[in-house]
Number of protein chains: 2
Amino acid sequence: MLRSPLSSAERKAVLSLPGKELRTSAHRDIVRPGHCSKFSSLVVDGLAGRFDQLANGHRQITALHIVGDFCDLHSVAVPQTGWGIESLTETVVRLVPHEALLALSDSSMAIAMAFWRDTVVDASVLAKWNSALGRRSAKSRLAHLLCEMSLRFQQAGLGTDSDFHFPITQAQLADVLGITAVHLNRTMQALRQDGLLTTKGPHYHLPDRARLCRIAEFDDRYLLLTRGP
Amino acid sequence: MLRSPLSSAERKAVLSLPGKELRTSAHRDIVRPGHCSKFSSLVVDGLAGRFDQLANGHRQITALHIVGDFCDLHSVAVPQTGWGIESLTETVVRLVPHEALLALSDSSMAIAMAFWRDTVVDASVLAKWNSALGRRSAKSRLAHLLCEMSLRFQQAGLGTDSDFHFPITQAQLADVLGITAVHLNRTMQALRQDGLLTTKGPHYHLPDRARLCRIAEFDDRYLLLTRGP
DNA sequence: CGTGACCTTGATGTTAGTCAACGAATGTGG
DNA sequence: CCACATTCGTTGACTAACATCAAGGTCACG
């Protein structure tokens, strides 16, 4: 989860953070939009998404949180969130009280920096998605997302670079990519046609990841592979 | 700038940060894309933008930095940036060494939190733009940007809520909104037609800001008007 | 008086949205 | 075990938003 170098004592302190675990079915709000929260949620199982919704009902998912991710470490620094978090599939989250996180970052500058760094990586991903949504075609966006997710699942020890379990519906994927579900369906077919993607239910396979990265212009540095100072 | 409550001593420490000032003409890189930086830049005069560029030459501007903004406080936590910063007009920035910022946040937990909070607000704005780029029409995006910028200029003491000096070209504005310059031009004309915008050179005037906010579904909370914990 | 940066306009092409329907898989209660 | 509903994926016909291409207009500046 925290993409930072920490001493083993620090790492242990983070991993043993207290918190009530909460199991939810798919399509439930974990954090309601605009809510002022007293906890940060750690994804223990399943898949969660940060979203924003417009008056006409259109949704945009602005982040995907796989197991091991903190959804809203942000809310420690700014409790009033401008977004919501929902479960995309059946999901278990651990609700860690802000006091515990604040106490921990008070106790160690390295941990405080690690939390800050996590927010910065989140911002990097958001900036990358900004340019994708503004300037790329649907196909290129999907290719880029597949590259990103395969890497993240691999980093989290949940898959290889070309195979991962990604339990998301096409409608939700469309909300990530800023297109309609119909168009996403056709775009996935195009990638399949090109021999760049096969799926069996929630299992995604990338037969030629190198080529996929090339057409997606995927540069993994924004995911912080070069670790902290 | 830092949208946080600090003691006057802390505030003073931040404002008296050292750093060499640098004047650049328009369209110059302040931070080259992917560069590993040792400074964070504070905008002293002019207008700067964070951008990302694709192989085909298409650009996306992912943030606008007005005077008083720190461009890349991020780079203190993660020196290798995944983006570039450019001057959009003639601009003066102060290059504050990371050591000075680190020393300052070491010295005061409140300042460390303020820096973190600033990153969180940046992420909030990015998330908002994500949903705008993914799910809004060009007209709605432009309306939203105008609402946002008028508020930010006002907060910075550089304008009223309906009048501000915004020295940006239409091509640059198009790169913010993720549309072409041609389409931006027509979209601005549509807003003028609706009596929602007049411009005289770089001077923007919003004749009916309330209505503009309504059609933009502009909710200012993401800009952190509700201050820290 | 020419040049370059910026803004504006028109004609045409392409991507993606909308609407409507159907099929496959899964689960539920009678 | 079977009608039934629900959710999810897929397809086709049509439309709207925006991109692209090409040209001209305005203004400041040397």
- Task: For the residue pair B/His205 and B/Thr199, confirm or rule out a side-chain donor-acceptor distance under 3.5 Å.
- Result: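 No pair is found: no donor N or O on one side chain lies under 3.5 Å from an acceptor on the other.
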- Item | B/Ser131 and A/Asp52 side chains, donor-acceptor separation under 3.5 Å |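 Yes.
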Rounded off to whole Å, could you give me the [atom1]-to-[atom2] distance for the [X] and [N] pair?
X	N	atom1	atom2	answer
A/Leu142	C/dA16	CG	P	11 Å
B/Leu177	D/dA17	CG	C1'	15 Å
A/Arg141	C/dT15	CZ	P	13 Å
A/Lys200	C/dA24	NZ	C1'	17 Å
A/Asn56	C/dG17	CG	P	13 Å
B/Ile168	C/dC7	CD1	C1'	15 Å
A/Glu90	C/dG27	CD	C1'	15 Å

- Task: Please examine the side chains of A/Phe164 and A/Gln154, heavy atoms only from C-beta on, and report whether any two atoms are closer than 4.5 Å.
- Result: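 Side chain of A/Gln154 against side chain of A/Phe164, heavy atoms only: no contact under 4.5 Å found.
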- Expected string for nucleotides 24-30 of chain D under the B/S/- scheme (protein heavy atoms, under 4.0 Å, primed atoms plus P, OP1, OP2 as sugar-phosphate) is -------
- Item | A/Ala138, nearest nucleotide to its side chain (from C/dA16, C/dT8, D/dC8) |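 So the nucleotide nearest the side chain must be C/dA16.
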- B/Ala210: what forms a side chain to side chain contact (heavy atoms under 4.5 Å, CB included) with it, not counting sequence neighbours?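 B/Asp208, B/Arg214.
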Identify all side-chain donor-acceptor contacts of residues 172-180 of chain A below 3.5 Å with residues at least two apart in sequence or on another chain.
unit_1: A/Gln172; atom_1: OE1; unit_2: A/Thr169; atom_2: N; d: 3.0
unit_1: A/Gln172; atom_1: OE1; unit_2: A/Thr169; atom_2: OG1; d: 3.4
unit_1: A/Gln172; atom_1: NE2; unit_2: A/Leu88; atom_2: O; d: 3.0
unit_1: A/Asp175; atom_1: OD1; unit_2: B/Arg135; atom_2: NH2; d: 2.8
unit_1: A/Thr180; atom_1: OG1; unit_2: A/His183; atom_2: N; d: 3.2

- Query: Partners of A/Ser87 by side-chain hydrogen bond (donor to acceptor under 3.5 Å, both in side chains), sequence neighbours excluded?
  - Reply: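 Residues passing side-chain hydrogen bond (donor to acceptor under 3.5 Å, both in side chains) with A/Ser87: none at all.
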- Salt-bridge test for B/Arg50 and B/Asp69: reply yes if a basic N is under 4.0 Å from a carboxylate O, no otherwise.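 Judged by the 4.0 Å cut-off on N to carboxylate O distance, B/Arg50 and B/Asp69 do not form a salt bridge.
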- Message: With the threshold set at under 4.0 Å for non-hydrogen atoms, list the residues of residues 178-197 of chain A touching DNA chain C in residue-number order.
- Response: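 Going residue by residue through residues 178-197 of chain A, the ones with a heavy atom under 4.0 Å of DNA chain C turn out to be A/Gly178, A/Ile179, A/Thr180, A/Val182, A/His183, A/Arg186.
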- Item | ring-ring contact (aromatic ring centres under 6.0 Å, His included) involving B/His65 - partner list, sequence neighbours excluded |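 None.
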- Looking only at atom types and distance, does a side-chain atom of A/Asp161 sit under 3.5 Å from a main-chain N or O of A/Arg209, one as donor and one as acceptor?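 Pair absent, no side-chain N/O of A/Asp161 close to backbone of A/Arg209.
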